[in-house]
Number of protein chains: 2
Amino acid sequence: MDIETSLFAFSALSQKTRLDVFRLLVKAGPEGMFAGDIADALGVRQNTMSTNLNILLRAKLIRNEREGRAIRYRADFDGIRGLLSFLVEDCCGGNPEHCAPLLDTLVCDCWETEND
Amino acid sequence: MDIETSLFAFSALSQKTRLDVFRLLVKAGPEGMFAGDIADALGVRQNTMSTNLNILLRAKLIRNEREGRAIRYRADFDGIRGLLSFLVEDCCGGNPEHCAPLLDTLVCDCWETEND
DNA sequence: TCGACATATCTAGTATTCTTGAAATATGGA
DNA sequence: TCCATATTTCAAGAATACTAGATATGTCGA
């Protein structure tokens with residue numbers, strides 16, 4: 001995770017609709033939700049939601065996958081974990097034996113992590 | 001942590017100078033840094049830094065304390081923890097036995113937490 | 001109390017971001 | 001192929017945020 005991606009990710013989360021979307025997808029769990037259902041759930045116009053979903057995607061905070069003509073979105077826990085690791089990097093001048101493992105548990109048991 | 005404070009906090013972290021400041025203070029540890037030294041370290045004008053420090057303060061991401069004529073700033077780990085808890089609240093529809101404890105360790109051993 | 005130092009506040013010009021109507025792209029079924 | 005559905009892209013006006021010069025406030029030492 002570099003500084004540019006981090007800034008973009010925090011910027012993505014600093015807007016109400018997008019923060020609502022991310023938290024909604026966290027609640028939805030690994031099953032995720034279709035783009036249209038997300039827009040309906042939050043009462044946001046479809047094209048506005050599309051723009052906001054794209055911003056969350058580029059920020060690596062969510063992922064998507066086409067299923068027929070609908071597109072399913074899921075929270076990206078690997079992404080958020082990378083972001084938070086960057087945020088508290090070199091805590092206290094860098095005592096890896098104390099600080100590095102702190103974020104290792106930031107994934108709910110019901111999510112599968114992909115890489116590590 | 002409510003939605004307004006969260007949005008403000010993410011907005012605070014979405015600006016390069018402020019993200020740099022927060023990460024610098026995380027690295028600095030409990031000792032923190034004086035406002036002027038922070039501005040010098042990051043090559044930012046004094047009044048601009050003052051404005052940015054105030055934004056981080058209001059976002060509950062840092063704290064300050066006057067020492068003579070200087071003011072010492074520290075990262076606020078309780079604040080960031082509250083923010084992250086809010087972000088992944090009700091993970092997977094809310095299975096507290098799996099998801100709630102995930103953030104409990106998000107404090108470096110070398111920091112003292114104040115309340116819980 | 002006076003001057004120097006450390007930091008904060010005010011103001012305004014510039015730049016960036018948000019939303020939306022309109023139009024385009026992609027998919028599946030008849 | 002033609003149409004309906006699901007979603008994305010484009011363009012522009014409105015709103016918001018960033019920076020910096022000037023100035024104000026607070027603290028210490030002489």
Side-chain angles (χ1 to χ4, degrees), chain A residues 3-25 28 31-76, chain B residues 3-25 28 31-76:
Chain A
I3 183 100
E4 297 306 329
T5 308
S6 299
L7 287 170
F8 194 80
F10 286 124
S11 170
L13 291 172
S14 70
Q15 205 269 341
K16 180 163 191 332
T17 297
R18 292 193 297 261
L19 182 54
D20 285 345
V21 167
F22 183 81
R23 295 189 354 117
L24 183 62
L25 289 178
E31 194 181 338
M33 289 176 72
F34 291 123
D37 293 338
I38 297 172
D40 289 346
L42 298 179
V44 173
R45 282 168 196 270
Q46 174 270 324
N47 61 346
T48 300
M49 183 54 76
S50 176
T51 298
N52 283 321
L53 286 171
N54 191 258
I55 290 172
L56 287 167
L57 264 183
R58 285 188 293 161
K60 299 189 189 304
L61 290 167
I62 64 177
R63 299 173 189 210
N64 66 357
E65 190 179 359
R66 182 174 280 277
E67 291 186 21
R69 33 190 155 181
I71 296 182
R72 187 184 293 276
Y73 284 86
R74 297 180 176 86
D76 183 343
Chain B
I3 183 100
E4 296 305 330
T5 308
S6 299
L7 287 170
F8 194 80
F10 287 124
S11 170
L13 292 172
S14 71
Q15 205 269 342
K16 181 164 190 332
T17 298
R18 292 192 297 261
L19 181 54
D20 285 345
V21 167
F22 182 81
R23 295 189 353 117
L24 184 63
L25 289 178
E31 192 181 338
M33 289 177 71
F34 291 124
D37 293 338
I38 297 173
D40 289 346
L42 298 179
V44 173
R45 284 170 195 269
Q46 175 271 320
N47 59 348
T48 300
M49 182 54 77
S50 177
T51 298
N52 283 320
L53 287 171
N54 191 259
I55 290 173
L56 287 167
L57 265 182
R58 284 189 294 161
K60 298 189 191 303
L61 291 167
I62 64 177
R63 299 173 187 210
N64 67 356
E65 191 178 358
R66 182 174 280 277
E67 290 186 21
R69 30 189 158 181
I71 296 182
R72 188 184 292 275
Y73 284 87
R74 298 180 175 86
D76 182 344

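Residue numbers start from 1 in every chain, and the chains themselves are labelled A, B, ... in the order their sequence lines are given, proteins ahead of strands.
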Gap between atom CG of Asp76(A) and atom CG of Leu61(A) - 0.5 Å precision: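 Nearest 0.5 Å value for the CG-CG distance: 7.5 Å.
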Return the CD to OG1 distance between Gln46(B) and Thr51(B), rounded to the nearest 0.5 Å. 8.5 Å
Side-chain donor/acceptor of Arg58(A) to backbone N/O of Lys60(A), under 3.5 Å: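 No.
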Just by modelled atom types, is the Gly68(A) backbone N or O under 3.5 Å from a matching donor or acceptor in the Arg66(A) side chain?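 Here the side-chain-to-backbone pair exists.
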Length of the line joining [X]:[atom1] and [N]:[atom2], which is rounded to integer Å:
X        : N       : atom1 : atom2 : answer
Leu7(B)  : dA17(D) : CG    : P     : 11 Å
Lys16(B) : dT16(C) : NZ    : P     : 16 Å
Arg45(A) : dA23(C) : CZ    : C1'   : 16 Å
Asn52(B) : dC18(D) : CG    : C1'   : 8 Å
Leu56(B) : dC18(D) : CG    : P     : 11 Å
Arg58(B) : dA17(D) : CZ    : P     : 10 Å
Arg18(B) : dC18(D) : CZ    : C1'   : 8 Å
Leu19(A) : dT17(C) : CG    : P     : 18 Å

Want to settle it: does Gly68(A) or Ser11(A) sit nearer the 5' end of DNA chain C, counting the closest nucleotide to each?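 Final value for this comparison: Ser11(A).
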Does atom CD of Glu31(B) have more than 12 heavy-atom neighbours from other groups under 6.0 Å away?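 No, CD of Glu31(B) has 12 or fewer neighbouring heavy atoms, counting only those of other groups under 6.0 Å.
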Would you give me the side-chain donor-acceptor pairs under 3.5 Å for residues 5-12 of chain B, sequence neighbours excluded?
| residue | atom | partner | partner atom | Å |
| --- | --- | --- | --- | --- |
| Thr5(B) | OG1 | Asp2(B) | OD1 | 2.7 |
| Ser6(B) | OG | Asp2(B) | O | 2.9 |

Using atom names, set out every protein N or O paired with an N or O of nucleotides 4-9 of chain C below 3.5 Å, distance rounded to 0.1 Å.
| residue | atom | partner | partner atom | Å |
| --- | --- | --- | --- | --- |
| dT7(C) | OP1 | Ala35(B) | N | 3.3 |
| dT7(C) | OP1 | Ile71(B) | N | 3.3 |
| dT7(C) | OP2 | Gly36(B) | N | 2.8 |
| dA8(C) | OP1 | Tyr73(B) | OH | 2.6 |
| dA8(C) | OP2 | Ser50(B) | OG | 2.9 |
| dA8(C) | O5' | Ser50(B) | OG | 3.3 |
| dA8(C) | N7 | Gln46(B) | NE2 | 2.8 |
| dA8(C) | N6 | Gln46(B) | OE1 | 3.4 |

